[in-house]
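In what follows, a single structure is set out as structure tokens and then discussed.
Counting starts at 1 for both ligands and their atoms, in listed order.
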Amino acid sequence: MTGAAIFGFPESAAGAARLADELGVPAREVLVHRFPDGESLVRVEPPARVAVLYRSLDHPNEKLVELLLAASALKDNGARRVILVAPYLAYMRQDMAFHAGEAVSQRVVGSLLSAHFDAVLAIDPHLHRIASLSEIMPGVETACVSAAPALSAALDWSANPLLVGPDEEARQWVEAIAAPLEFDVLVGRKRRDADRRVELDISGVEQAAGRRIVLVDDVISSGETMIAAARLLFDAGASEVEALATHCLAREDDLTRMRAAGICSIRSTDTVPGPTASVPIAQLVAGEIRRRGWLRKR
Ligand code: R5P
């Protein structure tokens, strides 16, 4: 049996292959058959002693069940350790019941994954009220990898950009990217009344006049946060606004609306495949897996 291998699903096979390349181990495919009634049959072959399942959990409702089936098949076929690399880990935003009667999705999904995986790695998971994934995945080795070094390397610093985080939650990324180079940053304050109704203010926004702006956030979902920020910045006289994010979940029509708002470039890491995914994260993930010795025999 192979020592270690990276297993990708059909839509994550390319990312899995890039990670396998970085780690110098084979890449394998998880075969998925979908029955006419919507059930999935999952097959993994050949097995490995340490199996890394690579799948981002955008569209999580469709993907989660197949992921758990694959983890179980790998264990049944002799894997001693099954590791999940979920570059985008969903359901992290609902980390408390904001209104009476709501499920705390983060806790539910955390305990589901901890029952099937020995270790879990995610890139910039949206952790707001907890410090580490271990708090929702007891007994599991967890790693949160920051995409900041990859995002920072993707910027053209020679153009002297002003970095803007649209809300307080984005502060950690915008500061991590700008701090080593001592670049200017602004951070906004956001109020969201509904999925697509966002209000922002950015104190110090007048500093945007005549500047090239890079908006930095962990997630672009509907794109409304970026659009509201771009409006404020253009009103303040910004000469150019681009958007850079760890994860881009936006649909094509939302990207079109962002472009129509004047955002000239939208880029993200390749945690979620799509037209904006131009910043590779395989090296960062491989570095973390190596550092933690996750592929070594135990
Ligand atoms: C939430 O606080 C996140 O950091 C993002 O700002 C948010 O998910 C973006 O969502 P949308 O693109 O729908 O405005």
Side-chain angles (χ1 to χ4, degrees), residues 56-61 86-99 102 104-106 109 122-131 133 144-148 150-152 163-178 185-203 205 213-234 241-269 271-277 279 281:
S56 264
L57 290 174
D58 50 307
H59 303 101
N61 299 354
Y88 174 68
L89 181 59
Y91 279 123
M92 293 298 109
R93 283 178 287 195
Q94 181 78 14
D95 57 1
M96 60 177 274
F98 295 94
H99 304 99
E102 285 178 354
V104 183
S105 320
Q106 185 187 70
V109 170
I123 306 282
D124 288 340
H126 195 90
L127 304 185
H128 187 43
R129 265 163 279 264
I130 60 168
L133 284 175
C144 297
V145 177
S146 169
L151 295 175
S152 176
L163 266 56
V164 179
D167 58 25
E168 267 304 322
E169 290 174 352
R171 182 183 287 281
Q172 54 181 303
W173 288 281
V174 85
E175 288 187 345
I177 292 170
V185 306
L186 294 178
V187 176
R189 266 204 324 228
K190 178 164 80 178
R191 217 183 57 157
R192 188 187 286 277
D193 296 327
D195 288 346
R196 288 178 179 275
R197 218 169 37 238
V198 165
E199 273 178 36
L200 273 185
D201 64 78
I202 301 173
S203 85
V205 72
I213 310 293
V214 182
L215 279 165
V216 179
D217 208 350
D218 59 337
V219 184
I220 303 174
S221 179
S222 67
E224 290 301 333
T225 301
M226 291 292 190
I227 290 172
R231 277 193 196 121
L232 278 180
L233 292 159
F234 281 126
V241 176
E242 64 175 281
L244 186 64
T246 303
H247 313 289
C248 182
L249 309 171
R251 299 186 316 225
E252 193 49 55
D253 53 331
D254 291 320
L255 295 175
T256 303
R257 295 180 55 253
M258 288 174 69
R259 291 186 195 103
I263 300 175
C264 60
S265 149
I266 308 165
R267 290 186 297 156
S268 62
T269 73
T271 57
V272 180
T276 65
V279 181
I281 44 96

Checking Ser268 side chain against His247 main chain: does a donor-acceptor pair fall under 3.5 Å?
->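 Checked: no pair found.
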Just jot down the salt bridge (Lys or Arg N to Asp or Glu O under 4.0 Å) partners of Glu102, sequence neighbours excluded, or say none.
->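 If we apply the salt bridge (Lys or Arg N to Asp or Glu O under 4.0 Å) test to Glu102, skipping adjacent residues, there are no hits.
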Identify the heavy atoms of Glu224 and Arg196 that sit nearest to each other, and give their distance.
->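 Residues Glu224 and Arg196, closest heavy atoms: CG-CA, 3.7 Å.
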Residues in side chain to side chain contact (heavy atoms under 4.5 Å, CB included) contact with Glu169, at least two apart in sequence or another chain |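 Here the qualifying residues are His126, His128, Asp167.
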Residues forming a side chain to side chain contact (heavy atoms under 4.5 Å, CB included) with Ala228, sequence neighbours excluded |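 With sequence neighbours excluded, Ala228 shows a side chain to side chain contact (heavy atoms under 4.5 Å, CB included) to Val198, Leu200, given in chain and number order.
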Quick one: do the Asp218 and Tyr88 side chains pair a donor with an acceptor below 3.5 Å?
->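 Per modelled atom types, Asp218 and Tyr88 side chains form no pair under 3.5 Å.
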Heavy atoms under 4.0 Å from ligand 1: which residues qualify?
->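 Within 4.0 Å of ligand 1, the protein residues are Arg93, His126, Asp167, Glu169, Lys190, Arg192, Asp217, Asp218, Val219, Ile220, Ser221, Ser222, Gly223, Glu224, Thr225.
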